[in-house]
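Here's the structure we're looking at; comments come further down.
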Protein chains: 2
Amino acid sequence: MAEPMYRQIAEDLRGKIEVGEIVQGAQLPTEIELMDQYDASRNTVRDAIKLLTTRGLVEARAGQGTFVVEKVNPFVTILTGEPDAGVETDIYIAEVKAGGREPHNSTPRVEIQTANAVVADSLRIDEGDQVVSRHQERFIDRTPWSLQTSFYPMSLVDKGATRLIQATDIAGGAVAYLAGKGMKQVGYRDSISVRAPDDHEQAFFKLPSDGRVPVFEIFRVGFLDDGSRFRLTITVCPSDRNRFLIKVGEVPATVAPHDATVATPDSQG
Amino acid sequence: MAEPMYRQIAEDLRGKIEVGEIVQGAQLPTEIELMDQYDASRNTVRDAIKLLTTRGLVEARAGQGTFVVEKVNPFVTILTGEPDAGVETDIYIAEVKAGGREPHNSTPRVEIQTANAVVADSLRIDEGDQVVSRHQERFIDRTPWSLQTSFYPMSLVDKGATRLIQATDIAGGAVAYLAGKGMKQVGYRDSISVRAPDDHEQAFFKLPSDGRVPVFEIFRVGFLDDGSRFRLTITVCPSDRNRFLIKVGEVPATVAPHDATVATPDSQG
DNA sequence: AACGATTTGTTCGTATGTATC
DNA sequence: TGATACATACGAACAAATCGT
């Protein structure tokens with residue numbers, strides 16, 4: 001009797017799912033049926049289901065029923081590449097298409113902003129300095145896959161990178177464009193963490209409204225050959241359908257798993 | 001009336017927390033007080049709090065109250081280093097201690113196992129082949145920080161790496177030890193994903209029992225100069241107190257933030 | 001050590017709203 | 001349109017944990 005009833009019910013159902021007694025995508029018994037099976041009230045049954053929902057095992061759909069969630073093919077992103085990322089966009093398109101998936105980026109939303117504390121610290125500029133913000137929504141197979149925002153110091157525009165402040169895709173990627181303007185990225189540093197999504201992210205990624213699926217947040221800071229920082233790219237994507245690869249040293253090329261798709265966070269237009 | 005009441009209450013409380021009207025560690029009004037404030041029933045107030053709990057913003061303690069969770073200093077791990085990782089252990093110890101934190105690894109639990117599908121696929125051996133499994137619990141400041149399991153093909157032992165099957169720390173790390181036996185790691189590949197913790201992980205990391213905090217799972221496969229795979233290291237750590245850094249190309253050395261601690265997943269004894 | 005007050009945890013019942021088929 | 005199934009919201013009672021007296 002140590003365990004509350006709703007936990008016992010949840011445990012029992014979880015067991016049936018793991019054993020395969022209830023297969024992926026299949027419907028659970030309705031709340032009414034579960035009331036009978038476990039001799040519990042509807043609220044108690046619902047508490048048990050809520051626990052499974054929080055753990056990401058099942059998904060309730062109003063008017064239909066509760067279903068065992070189906071795992072999606074993870075989207076694989078390679079974080080290590082050539083610092084001079086001119087080819088990264090090509091890799092992105094090639095490999096995504098090779099996986100039979102269709103990539104699509106929204107038209108960038110370009111804004112001139114003043115740097116907040118995070119941006120200023122990342123770019124080693126002063127808080128309040130002007131920066132260009134370029135924001136894009138990225139899709140695969142019409143599924144929302146990542147939200148990306150890049151920040152560039154306004155001084156880059158003064159140095160001739162005028163296309164940064166145009167609300168159009170930069171063919172080949174902004175990093176390659178800047179390289180052509182004499183600002184060649186010689187290195188970058190990524191910082192990966194996980195946090196709860198905000199309302200906008202929850203809506204865009206169509207994440208369950210209970211906020212149970214966290215998102216990856218990747219900060220990429222790019223460096224020029226004088227050691228200065230010329231860009232900060234923040235990529236946000238759901239943690240339940242993404243995986244990241246890091247290759248160091250000599251790593252033989254491997255055949256990508258048939259179901260995997262590969263992209264890079266640098267395909268910023 | 002679009003938003004249900006319990007969400008409105010949750011949103012309002014979340015705002016007060018973000019603005020700082022309720023500071024970290026402070027107690028929220030009791031359920032009774034919230035009932036009065038929002039003119040709602042206790043169950044509705046509890047639903048709102050449950051939402052905040054799921055998002056990791058607050059924590060309810062029976063008999064005491066509900067409190068705003070306090071964020072811990074994230075533990076920073078650098079995933080890119082020298083492939084020949086002999087020095088990584090030194091970096092680990094130096095930087096962790098520089099951060100004023102005390103690292104501690106458990107004595108390794110060494111087992112001879114037959115490779116399961118995942119291990120076999122990662123090491124490119126057959127399922128059922130014998131492998132050495134070395135498992136360690138890693139702590140910082142007596143706080144559980146990561147669970148690490150390394151798998152080596154049994155053939156390495158035949159080639160002279162006999163210390164792999166001894167249940168003692170390998171000074172300088174197993175990778176350096178193997179390099180001394182002629183098996184020098186020339187590269188590795190990490191794969192980072194996030195998933196719900198299992199029961200053991202939940203208990204070890206003292207994660208909230210509702211399974212709301214996911215864990216990072218990092219697979220590191222090491223390669224020798226002939227392109228073969230000689231080890232698989234799986235590192236699991238809570239996603240709420242860890243961050244990962246990846247450096248590519250020329251990245252100037254930066255002063256680590258005062259509150260950050262740096263380690264590497266390769267400090268396998 | 002015992003007790004009461006406070007606070008959250010669990011479980012029931014009931015009614016009504018909303019989404020889907 | 002009706003039936004079904006989940007979502008929200010109310011009220012009530014008792015259990016369990018915590019803290020101070």
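Quantities reported herein were computed from a predicted structural model and do not represent experimental measurements. In what follows, chains carry the letters A, B, and so on, assigned in the order in which the sequence lines appear, proteins first and then strands, with residues in each chain numbered from 1.
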Range on DNA chain D touched by chain B - first to last nucleotide, heavy-atom distance under 4.0 Å: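 Answer, 5' to 3': D:dT8 to D:dC19.
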Under a 4.5 Å cut-off applied to non-hydrogen side-chain atoms, are [X] and [Y] in contact?
X      : Y      : result
B:L245 : B:L79  : no
A:Q166 : A:V110 : no
A:T233 : A:T149 : no
A:L207 : A:P238 : yes

Go through it in stages, so that I can follow the logic: the residues are B:F204 and B:F139, the test is ring pair (Phe, Tyr, Trp, His ring centres under 6.0 Å), and I'd like the CA-CA distance, side-chain angles, deciding distance and then a yes or no. CA-CA 11 Å; B:F204 176 70; B:F139 303 80; 5.5 Å; yes
Would you please indicate if the ring centroids of A:F244 and B:F244 are separated by under 6.0 Å?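 Judged by ring-centre distance (under 6.0 Å), A:F244 and B:F244 do not meet the cut-off.
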Take B:V118 and B:F219, measure what side chain to side chain contact (heavy atoms under 4.5 Å, CB included) needs, and give me the verdict at the end. CA-CA 10 Å; B:V118 171; B:F219 285 66; 3.6 Å; yes
Report yes or no: is the cationic atom of A:R243 (NZ for Lys, CZ for Arg) closer than 6.0 Å to the six-membered ring centre of A:F75, at no more than 45° off its axis?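 Verdict for A:F75: no cation-pi partner in A:R243.
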For nucleotides 10-12 of chain C, which of its nitrogen or oxygen atoms have a protein nitrogen or oxygen under 3.5 Å away, and what is each distance?
unit_1 : atom_1 : unit_2 : atom_2 : d
C:dT10 : OP1    : A:Y6   : OH     : 3.0
C:dT10 : OP2    : A:Y6   : OH     : 3.0
C:dT11 : OP1    : A:M5   : N      : 2.4
C:dT11 : OP2    : A:Y6   : N      : 3.2
C:dC12 : OP2    : A:S41  : N      : 3.0
C:dC12 : OP2    : A:S41  : OG     : 3.1
C:dC12 : OP2    : A:T44  : OG1    : 2.2
C:dC12 : O5'    : A:S41  : OG     : 3.4
C:dC12 : N4     : A:N43  : ND2    : 3.2

So, B:E11 and B:K16, do they make that salt bridge, N to O below 4.0 Å?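 Salt bridge absent between B:E11 and B:K16.
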Tell me, which of residues 59-66 of chain A have any heavy atom that sits under 4.0 Å from an atom in DNA chain C? A:A62, A:G63, A:Q64
Could you tell me how far apart A:E31 (CD) and C:dT18 (P) are, to the nearest whole angstrom?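 Rounding to the nearest Å, CD of A:E31 and P of C:dT18 are 18 Å apart.
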Fit a plane to each ring of B:H200 and B:H135, take the angle between them on a 0 to 90° scale, and name the class: parallel (under 30°), tilted (30 to 60°) or perpendicular (over 60°).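 Rings of B:H200 and B:H135: tilted, 30 to 60°.
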